[in-house]
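Below is one structure, written out as structure tokens; the observations come after it.
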Amino acid sequence: MRTLLILALVAFIGAAVEGKKFSQCALVKELLKHGIPKNEMANWICLIEHESGYNTKATHRNTDGSIDYGLFQINNRYWCNSSGGPGKDCHVTCAALLSDNINASVQCAKLIKRRQGWRAWYGWINHCNGKKLPNVNHCY
Ligand SMILES: *[C@@H]1O[C@H](CO)[C@@H](O)[C@H](O)[C@H]1NC(C)=O
Ligand SMILES: *[C@@H]1O[C@H](CO)[C@@H](O)[C@H](O)[C@H]1NC(C)=O
């Protein structure tokens, strides 16, 4: 996340324990189903590719001790509650952001983008902003 400078330097995807690893087109179809518009798709796919490598179970511990969860590497400092029940701004448990069912992750990622824009993600800033984006048209 934006506030965690270290992510700019370290594109590290933490201990992935048997997550669901989507193919690019399978993920495109899931994102569409959960309301991601086609005109944003290439940016989302680029972001997810660089944040989690399409792995729903990706986690990463930051230097401040906070943890990023799932496809979008959503941070538990602001967005999800890692201690028990749903909480923080997305009103979800962090565990829900590691589910093979991507709905909770997508809804939370949409909220983050509404609040902060694409720049909430260093993966996007470093690898997608102004770069050639993946062509996902063959997936539709
Ligand atoms: C996280 O969940 C626990 C257990 O349900 C709850 O006590 C706590 O208030 C929640 N934290 C936030 C920030 O919502
Ligand atoms: C996805 O999650 C949102 C927010 O939690 C919820 O309102 C919606 O019903 C869910 N949609 C599906 C298809 O599960």
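Residue numbers run from 1 in the order of the sequence given. Every value quoted in this text rests on a predicted model; they were computed, and no experiment measured them. Both counts, for ligands and for their atoms, begin at 1 and track the order of listing.
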*Taking both backbone and side-chain atoms of G85, is any N or O found less than 3.5 Å from an N or O belonging to ligand 1?*
yes
*Would you say the SG of C128 sits under 2.5 Å from the SG of C46?*
yes
*Would you name the heavy atoms of N62 and N75 that are closest together and state the gap between them?*
ND2-ND2, 3.2 Å
*Taking the six-membered ring for Trp, are the ring centroids of W44 and W124 within less than 6.0 Å of each other?*
no
*asked:* Apply side chain to side chain contact (heavy atoms under 4.5 Å, CB included) to residues R115 and D89 and explain how you reach the verdict.
replied: CA-CA 11 Å; R115 296 249 185 100; D89 283 19; 2.7 Å; yes
*Which atoms of ligand 1 have any heavy atom of K88 under 4.0 Å away?*
13 (C), 14 (O)
*Decide, based on the SG atoms alone, whether C108 and C90 are under 2.5 Å apart.*
yes
*Show which atoms of ligand 1 fall inside a sub-4.0 Å distance from at least one heavy-atom site of G87.*
14 (O)
Extract all N/O-N/O pairs under 3.5 Å that connect ligand 2 to the protein, and present each with both atom names and the distance rounded to 0.1 Å.
from: ligand 2; atom 1: 2 (O); to: N103; atom 2: ND2; distance (Å): 2.3
from: ligand 2; atom 1: 11 (N); to: N103; atom 2: ND2; distance (Å): 3.0
from: ligand 2; atom 1: 14 (O); to: N103; atom 2: ND2; distance (Å): 3.2

*Show your working on side chain to side chain contact (heavy atoms under 4.5 Å, CB included) between M41 and L32 and close with a plain yes or no.*
CA-CA 8 Å; M41 193 61 76; L32 264 184; 3.9 Å; yes
_Whether F72 and W121 hold their rings parallel, tilted or perpendicular, with breakpoints at 30° and 60°_ = tilted
